[in-house]
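Sequence lines set the chain letters: A, B, ... in the order given, protein chains first and strands last, and positions in each chain run from 1. Side chains are part of it too, since the values below use all heavy atoms of this structure and drop only hydrogens, waters and symmetry mates.
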There are 2 protein chains.
Amino acid sequence: MARKSGSSGEKTRAMVEEAATRLIARHGFAAVSMRQIAREVGVQAGALYLYTPDKQSLLKDIMRGHLQHLLESWAAQAPDPDLPAAARLERFVRFHIDYHILRAEKVFISYMELRNLDCDNFAEIERLRRSYEHILEEILISGAAEGVFHHTDTRLTTLAMIAMMTGVSTWYRDDGRLPPDAITTRYVDMAFRLAGGEPLAEAAE
Amino acid sequence: MARKSGSSGEKTRAMVEEAATRLIARHGFAAVSMRQIAREVGVQAGALYLYTPDKQSLLKDIMRGHLQHLLESWAAQAPDPDLPAAARLERFVRFHIDYHILRAEKVFISYMELRNLDCDNFAEIERLRRSYEHILEEILISGAAEGVFHHTDTRLTTLAMIAMMTGVSTWYRDDGRLPPDAITTRYVDMAFRLAGGEPLAEAAE
DNA sequence: GTCTATACACCGATAGAC
DNA sequence: GTCTATCGGTGTATAGAC
């Protein structure tokens with residue numbers, strides 16, 4: 001009624017996810033306890049169970065939220081499918097690197113903690129991850145059909161390019177040698193090399 | 001049976017490392033308990049402390065053993081430093097991929113469990129990992145000096161190439177689409193693309 | 001070299017007061 | 001919505017018998 005206790009719930013929920021993300025990214029899912037997360041939020045351990053049925057669901061929700069946001073972000077700025085594959089590849093690489101620099105923690109978790117999901121949860125997350133890989137694979141196929149890309153093996157090139165780009169989140173630091181946009185530009189260049197195509201003029205340095 | 005009076009310490013030591021490697025690769029360091037490892041070996045948990053002062057040293061020894069073996073294996077078959085950089089790059093890529101397919105578990109652990117090392121142990125392992133990266137970096141520098149490689153940024157190309165190649169161990173399966181030597185050949189091709197050089201004749205398909 | 005037994009802290013999760 | 005208290009179980013690591 002006159003209580004305002006309901007307003008604190010959503011705020012706490014966000015703090016739980018934020019704290020869990022930070023701690024899991026730093027120490028790993030198995031190494032982080034519910035008590036640690038609760039301490040970080042400033043509540044007791046039992047209170048966490050108002051927001052998640054169990055510990056693993058917390059992990060799954062972080063991963064699913066990340067991958068859904070990744071896919072939605074791409075969908076919101078995806079280039080016209082009728083554009084040349086080279087332009088679409090550049091857009092995809094820029095999107096991927098920028099996103100992985102900006103949201104390194106959730107990217108890291110979604111990549112490293114897959115083995116902590118049970119069978120059903122793994123299948124759901126894996127499906128989302130695959131559909132993201134397919135975006136790149138389709139661009140590479142289009143480029144080969146246009147004759148502008150000359151990769152030998154589309155699936156392997158996709159996996160290699162994703163691995164190469166995602167690796168950025170394992171070493172990127174805000175105070176590193178290169179600013180983010182310089183890193184992105186260099187990765188665009190390397191992606192074109194991998195695909196066997198000539199980089200766009202404005203992507204070259 | 002009260003005890004295995006005839007059993008050998010060295011044999012048990014090897015079994016402990018083997019079991020720990022398999023379990024940690026599968027479930028992650030933090031998720032594996034000393035009791036689990038002991039059960040796998042067929043001893044009691046307390047007996048493990050005959051072979052390691054604590055749990056983390058078990059992890060560090062697996063990592064250090066892996067990286068030392070990696071560096072020694074390369075040293076044993078490293079090409080003459082006076083050979084052209086292109087030949088040395090091909091040799092390095094073949095070595096790296098073959099090794100990472102053959103010893104996927106230890107490779108996986110050494111890349112995924114770094115955060116479970118304390119400061120001193122991390123520094124020791126990181127030093128070994130760096131010296132491995134420097135092998136590739138030196139080859140790329142030589143190739144640029146020879147004029148056969150045309151990468152824009154040596155350090156970034158090194159990191160990208162290592163990430164691309166090491167990614168193999170995250171998806172490789174014995175019953176996969178391609179046999180190991182076909183995978184290796186395709187990665188040699190992609191490495192030359194990344195370095196901005198022409199592949200050797202015998203590496204092309 | 002391996003065992004049994006155990007210390008004792010911490011785990012995930014639940015129950016019920018307020 | 002958050003608290004305290006608590007359950008049953010497991011964690012790493014050690015002590016001392018044989």
Step-by-step salt bridge (charged side-chain N to carboxylate O under 4.0 Å, His left out) determination, Glu105(A) to Arg26(A): CA-CA 8 Å; Glu105(A) 282 183 342; Arg26(A) 192 178 196 90; over 6 Å; no
Output yes when at least one side-chain N/O atom of Thr12(A) is less than 4.0 Å from OP1 or OP2 of dT2(D), else no. yes
Below 4.0 angstrom from OP1 or OP2 of dG11(D), is there any side-chain N or O of Ser33(B)? yes
Are a donor atom and an acceptor atom from the side chains of Asp181(A) and Thr184(A) found within less than 3.5 Å of each other? no
State whether a side-chain donor-acceptor pair under 3.5 Å links Gln56(A) with Asn121(A). yes
Taking the inter-plane angle between the rings of His66(B) and Tyr99(B) on a 0 to 90° scale, is it parallel (under 30°), tilted (30 to 60°) or perpendicular (over 60°)? tilted
Look at the aromatic rings of Phe92(B) and Trp74(B) and report parallel, tilted or perpendicular, splitting at 30° and 60°. perpendicular
Please work out which residues in residues 35-50 of chain A have a non-hydrogen atom less than 4.0 Å from an atom of DNA chain D and list them by number. Arg35(A), Gly42(A), Val43(A), Gln44(A), Leu50(A)
Please list residues of residues 52-64 of chain B whose heavy atoms come under 4.0 Å from any atom in DNA chain D, ordered by number; otherwise none. Asp54(B), Lys55(B)
Check whether the ring centres of Tyr132(A) and His96(A) lie less than 6.0 Å apart, and answer yes or no. yes
Please report the C-alpha distance between Lys106(A) and His69(A) in whole Å, then the side-chain angles of each, then the deciding distance to 0.1 Å, and finally whether the side-chain contact (heavy atoms from CB on, under 4.5 Å) criterion is met. CA-CA 11 Å; Lys106(A) 290 188 181 184; His69(A) 185 267; over 6 Å; no
So among Arg64(A), Arg129(A), Arg130(A), which one has a salt bridge (Lys or Arg N to Asp or Glu O under 4.0 Å) with Glu124(A)? Arg64(A)
Any donor and acceptor pair, going by atom type alone, linking the side chain of Thr166(A) with main-chain N or O of Ala163(A) inside 3.5 Å? no
How many Å lie between CZ on Arg13(B) and P on dT2(C), as a whole number? 10 Å
Nearest-angstrom distance from the residue atom CE of Met15(A) to P of dG1(D): 15 Å
Which ones in residues 18-30 of chain A lie close to DNA chain C, meaning a heavy atom under 4.0 Å from one of its atoms? none
For a salt bridge (charged side-chain N to carboxylate O under 4.0 Å, His left out) check, start with the C-alpha distance between Glu10(A) and Arg13(A), then their side-chain angles and the critical distance, and finish with the verdict. CA-CA 5 Å; Glu10(A) 279 313 302; Arg13(A) 179 183 298 277; 3.5 Å; yes
